[in-house]
Visitor: 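Structure provided below as structure tokens; questions to follow.
Both counts, for ligands and for their atoms, begin at 1 and track the order of listing. These numbers come from a predicted model, not from an experiment. For reference, positions follow the sequence shown, starting with 1.
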Amino acid sequence: MSVNEAIEWVENRNPGEKEFHQAVREVFESLEPVIKKHPEYSKQKILYRIAEPERAITFRVPWEDDNGNVNINKGFRVEFNSAIGPYKGGLRFHSSVNMSILKFLGFEQILKNSLTTLPMGGGKGGSDFDPKGKSDSEVRRFCVSFMSELFRHIGPNTDVPAGDIGVGGREIGFLYGQYKKLTNRFESVLTGKNFNWGGSLIRPEATGYGCVYFCTEMLKTKGDSFKGKTVSISGSGNVAQYAAEKAIQLGAKVITLSDSDGTIHVPSGLTKQNWDFVMELKNVKRGRIEECTDAFDCEFHKNEKPWKFDADIALPCATQNEIDGKDAKMLLNNGCIAVAEGANMPSTPEAINAYLAAKIFFGPAKAANAGGVATSGLEMAQNHVGLSWSREEVDKQLHNIMVNIHSSCINASKKYGFEGNYAAGANIAGFIKVADSMIDQGIW
Ligand code: NDP
Ligand code: 2IT
């Protein structure tokens, strides 16, 4: 079995699923030396098996809007791989959601969860429902309808969803309420819960903080740090917000945030007060990033991405393929020394090749943004023992996990001839644990 044959097989079997093809190709290409060294993986057809979800559910989600109109959305849950634990991964509510996007996210999640060292398999789900502009009641009715089907497929030892784009604390609350009503069970079936009813402290912060911790470890290998650095961040949702907070705390100047309308540029760097304004704007008022221009000194660049501004470090925290080859060249020309991915697959293959050719630090998503799901794993652990750990305790564990993921990437990349390439290191380290576990458990 060659890696190229496996890629071709996956592409032919899943026609038109371009995001899924992209994610599989990126991983499989770096597994070439692993497959050579481990003939048992070929014999057991591991590449073929790992690229086929164990189960993928699609369902109808009808709901009534505030005007009494009936709307119908698609619901999905891809239960991709349970070799090392129950399926675990977020739910995305966004108009672009389809099977290809959820399969790319679910596939990445398998290897990401493996890197965390916690016992979690890979899954992802969601809907093409767009929460933007919907009232709280509409979001609630949608979530109730979505969970009215999803509940029969999930469980604390089966599949444990969480948030992703368009799914935050509000949605997790509505989903949990309906799960409980249907099952009469109060159990650890979702993560990202509110602290009052079983959530973990630091889970909201975890993805953004973890991304900055991972980047800090990369910089440290050259005796460098965030202090005094200029940082461009995309997005202004959960991940972007806390990446910005941690970067500011570490003495960096955060000069951009964005949403799907455009980018704000703050040449002097976001202050704590500016950050508080963004938190209120995005999480309470659910407004647009452009509204920052009414509140503090910044420029709004409509329909522009953050990558044209001079920055030492780029933290893409919005969505897939948001840095293409041209954007990457712009970043490099403007002096960027590190990219750490808070979002999933934000860099196109051309962008990744440009980073690697320029030998800048590149922290790939499945390593750099693993802090979110890792802290979900810590939330499950707390639920299982019936305890709530302090902020300090959870943050310490999150930090340790990110430091360890960084070491795993370095060790695996060295061992298989990819020194300096964190992307290959993350793919290899994540894959081997899952592949070996699949072999241990027979053919399924
Ligand atoms: P949120 O919904 O909180 O925020 C998403 C942000 O990205 C918003 O600012 C949104 O702008 C912007 N965005 C989304 N889609 C697009 C698009 N197509 N074009 C331009 N901007 C876009 O989501 P999260 O912060 O939770 O997620 C962001 C990324 O991080 C995703 O890739 C997600 O998969 C990844 N991630 C999230 C984790 C988590 O724990 N939440 C964990 C690990 C990774 P707008 O409001 O205009 O749509
Ligand atoms: O992409 C991701 O890792 C997430 N959206 C978080 C998943 C989780 O289960 O916490």
Visitor: Considering only protein heavy atoms, which is closest to atom 33 (C) of ligand 1, and at what distance to one decimal place?
Guide: Asp164 OD1, 3.2 Å
Visitor: Under 4.0 Å between a side-chain nitrogen and a carboxylate oxygen: does that hold for Asp164 and Lys124?
Guide: yes
Visitor: Is any N or O atom of Asp259, backbone or side chain, closer than 3.5 Å to an N or O atom of ligand 1?
Guide: no
Visitor: Looking only at distance, does Gly163 have an N or O less than 3.5 Å from an N or O of ligand 2?
Guide: yes
Visitor: Identify, by atom number and element, the atoms of ligand 1 in contact range of Gly166, meaning under 4.0 Å from any of its heavy atoms.
Guide: 2 (O)
Visitor: Is Arg203 in contact with ligand 2, taking contact as a heavy-atom separation below 4.0 Å?
Guide: yes
Visitor: So is Gln320 polar-close to ligand 1, meaning N/O to N/O under 3.5 Å?
Guide: no
Visitor: For Ser260, counting its heavy atoms only, list the atoms of ligand 1 lying under 4.0 Å from any of them.
Guide: 11 (O), 20 (C), 21 (N), 45 (P), 47 (O), 48 (O)
Visitor: Within the structure, does Asn369 bring an N/O atom to less than 3.5 angstrom of an N/O atom in ligand 2?
Guide: no
Visitor: Going by heavy atoms, is Ser236 under 4.0 Å from ligand 1?
Guide: yes
Visitor: If you measure from the Lys or Arg side-chain nitrogens to the Asp or Glu carboxylate oxygens, is any gap between Glu205 and Arg391 under 4.0 Å?
Guide: yes
Visitor: Considering only non-hydrogen protein atoms, determine which one is nearest to atom 16 (C) of ligand 1 and report residue, atom name and distance to 0.1 Å.
Guide: Thr319 CG2, 3.7 Å
Visitor: Mind checking whether Thr207 contacts ligand 2 via backbone (N, CA, C, O), side chain (CB onward), both or neither, at a 4.0 Å heavy-atom cut-off?
Guide: neither
Visitor: Could you work out, for atom 38 (C) of ligand 1, the closest of Thr207, Leu105, Asn369, Val167 by heavy-atom distance?
Guide: Thr207
